[in-house]
Amino acid sequence: MTADDRLDPGIQRLIAAVDGRPDAMVALALTLLLPRGLTQTARRLCDAAVALAPDDREIAAQARRIRSAGVGKWYFTMVQDDDRHALYAEALRSVMPADATLLDIGAGTGLFAMIAARAGAARVIACERDSVVAAAASAVVAKNGYADRVTIVPKDARDLQIGVDLAAPANVLLWDNLANNLIGAGGLRTVEDARARLLTPDAVIMPYRAEIMVGLATHRRPADYAMGIVDGFDMTLFNQLAVSHDTPDRGRSTFARMASRSSTWTLPARRSPRRATPSRSTPPQVGCTGSSSGSASI
């Protein structure tokens, strides 16, 4: 149960008080509901306000802020990675069984679900736990003509059920919720759950192998992330608020490697595809402490 499912009576009264007044409805959503983490309630109030004033540009602008709250900016950069898309497309084509049912965990924009359908999947069930993202992905899928084969389910993968969300266990699993360090997005637990409940015993899993590499590195510009003496004032106590990690841009030489990388952990799958799945390192996530740090990539 989330905070949206147990609204404080005072908040319920406020929502009732602004009912029918679009400007007050979006103002309440922005100033009270979103700051309190009541994102779903704020979005519902926003949708109701837009329905009441569909031609009001100010309401539309505020609604966009509300609907996009909590939606990752990474969606807009990831879809620009044509090389990554090509690798997945090639791998999917090489392993897709006949009459395949593919489960896509973490549908996001719906792009990979459509790539899978184009690669030959007969049915694609793509789950996305953010209902707003799921709705946008469904619209994208329909606009591109794949609604007959791709279904976006607005659920967490661990809430999916055979006979409800999937007619039968899937024989291909596509999971790309890797974050930039393999384990940060909780993908491993989700995959284990899918293996146990949602897949056939011989299902193809993609990616089927991942590896964390660790190596010692030094930051070329540590002052970018830590304060020292500034204009004669000791600013070091402010470092308690400094970011604990950084994902460097591949095009910038922010970090210098001090030792060779070594493998620290590997995830194998129960079944390897007939050909290699996408193989590509992600930018290393680096935690900075002083001038040297550990870096990891997969």
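- Contact annotation: the side chain of Val153 never approaches that of Leu166 to less than 4.5 Å [non-hydrogen atoms, C-beta and beyond].
- Looking at heavy atoms from C-beta onward, Val164 lies out of side-chain contact with Ile162 at the 4.5 angstrom threshold.
- Side-chain heavy-atom separations under 4.5 angstrom define the hydrophobic clusters, and the remaining members of the one that includes Ile59 are Val26, Leu30, Leu34, Val50, Ile66.
- Met206 pairs with exactly one of Leu173, Asp176, Val95 by the side chain to side chain contact (heavy atoms under 4.5 Å, CB included) rule, that one being Val95.
- Side-chain contact between Leu7 and Leu38 is present, with at least one heavy-atom pair separated by less than 4.5 Å.
- In terms of modelled atom types and a separation under 3.5 Å, the side chain of Gln80 and the main chain of Phe76 share a donor-acceptor contact.
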May I have the step-by-step check of side-chain contact (heavy atoms from CB on, under 4.5 Å) for Asp104 and Cys127, ending in yes or no? CA-CA 6 Å; Asp104 177 12; Cys127 60; over 6 Å; no
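- Of the inter-residue distances, the one linking Gln40 atom CD with Ser131 atom OG reads 3.5 Å to the nearest 0.5 angstrom.
- With sequence neighbours excluded, the residues forming a salt bridge (charged side-chain N to carboxylate O under 4.0 Å, His left out) with Asp47 are Arg67, listed by chain and number.
- Judged as a side chain to side chain donor-acceptor pair (under 3.5 Å), and not counting sequence neighbours, the contacts of Thr236 are Asp234.
- Around OH of Tyr75, the count of heavy atoms belonging to other residues, nucleotides or ligands within 6.0 Å exceeds 12.
- Ile229 belongs to no hydrophobic cluster with other residues, because no ILVMFWY side-chain heavy atom falls under 4.5 Å from its own, directly or through intermediates.
- Here Arg65 pairs with Gln62 under the side chain to side chain donor-acceptor pair (under 3.5 Å) rule; sequence neighbours left out.
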Checking Ile11 against Arg13 for the side-chain contact (heavy atoms from CB on, under 4.5 Å) test, could you report, in this order, the C-alpha distance in whole Å, the side-chain angles of both residues, the deciding distance, and whether it holds? CA-CA 5 Å; Ile11 291 179; Arg13 287 193 292 270; over 6 Å; no
Start with the C-alpha distance between Arg84 and Met78, add both sets of side-chain angles, then the distance that settles side-chain contact (heavy atoms from CB on, under 4.5 Å), and finish with yes or no. CA-CA 9 Å; Arg84 177 170 168 270; Met78 289 175 70; 3.2 Å; yes
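- Side-chain atoms of Glu90 do not come within 3.5 Å of backbone N or O of Leu87 as any donor-acceptor pair.
- Pairing each heavy atom of Leu52 with each of Gly20, the nearest pair is CD1-CA, 3.8 Å.
- Ion pairing between a basic and an acidic side chain is recognised when a charged N comes within 4.0 Å of a carboxylate O; Glu192 and Arg195 show such pairing.
- Applying the salt bridge (charged side-chain N to carboxylate O under 4.0 Å, His left out) test to Arg158 and every residue at least two apart in sequence or in another chain returns Asp156.
- Looking at heavy atoms from C-beta onward, Asp56 lies out of side-chain contact with Pro22 at the 4.5 angstrom threshold.
- Taking OG1 of Thr41 as the reference point, atom CD of Gln12 lies at 9.0 Å (rounded to 0.5 Å).
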For residues 107-115, tabulate all N or O donor-acceptor pairs below 3.5 Å that involve a side-chain atom, not counting sequence neighbours.
| unit_1 | atom_1 | unit_2 | atom_2 | d |
| --- | --- | --- | --- | --- |
| Thr109 | OG1 | Leu111 | N | 3.3 |

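- The side chain to side chain donor-acceptor pair (under 3.5 Å) test applied to Thr200 returns Asp202, not counting sequence neighbours.
- Judged as a side chain to side chain donor-acceptor pair (under 3.5 Å), and not counting sequence neighbours, the contacts of Asp99 are Arg123.
- Residues passing the salt bridge (charged side-chain N to carboxylate O under 4.0 Å, His left out) test with Arg64, sequence neighbours excluded: none.
- Scored by the salt bridge (charged side-chain N to carboxylate O under 4.0 Å, His left out) test, Asp159 finds no partners at all (sequence neighbours excluded).
- A salt bridge links Asp130 to Arg43: one of the charged nitrogens lies within less than 4.0 Å of a carboxylate oxygen.
- Sorted by first and then second residue, the pairs that involve residues 134-155 and meet side-chain hydrogen bond (donor to acceptor under 3.5 Å, both in side chains), not counting sequence neighbours, are Lys155-Asp165.
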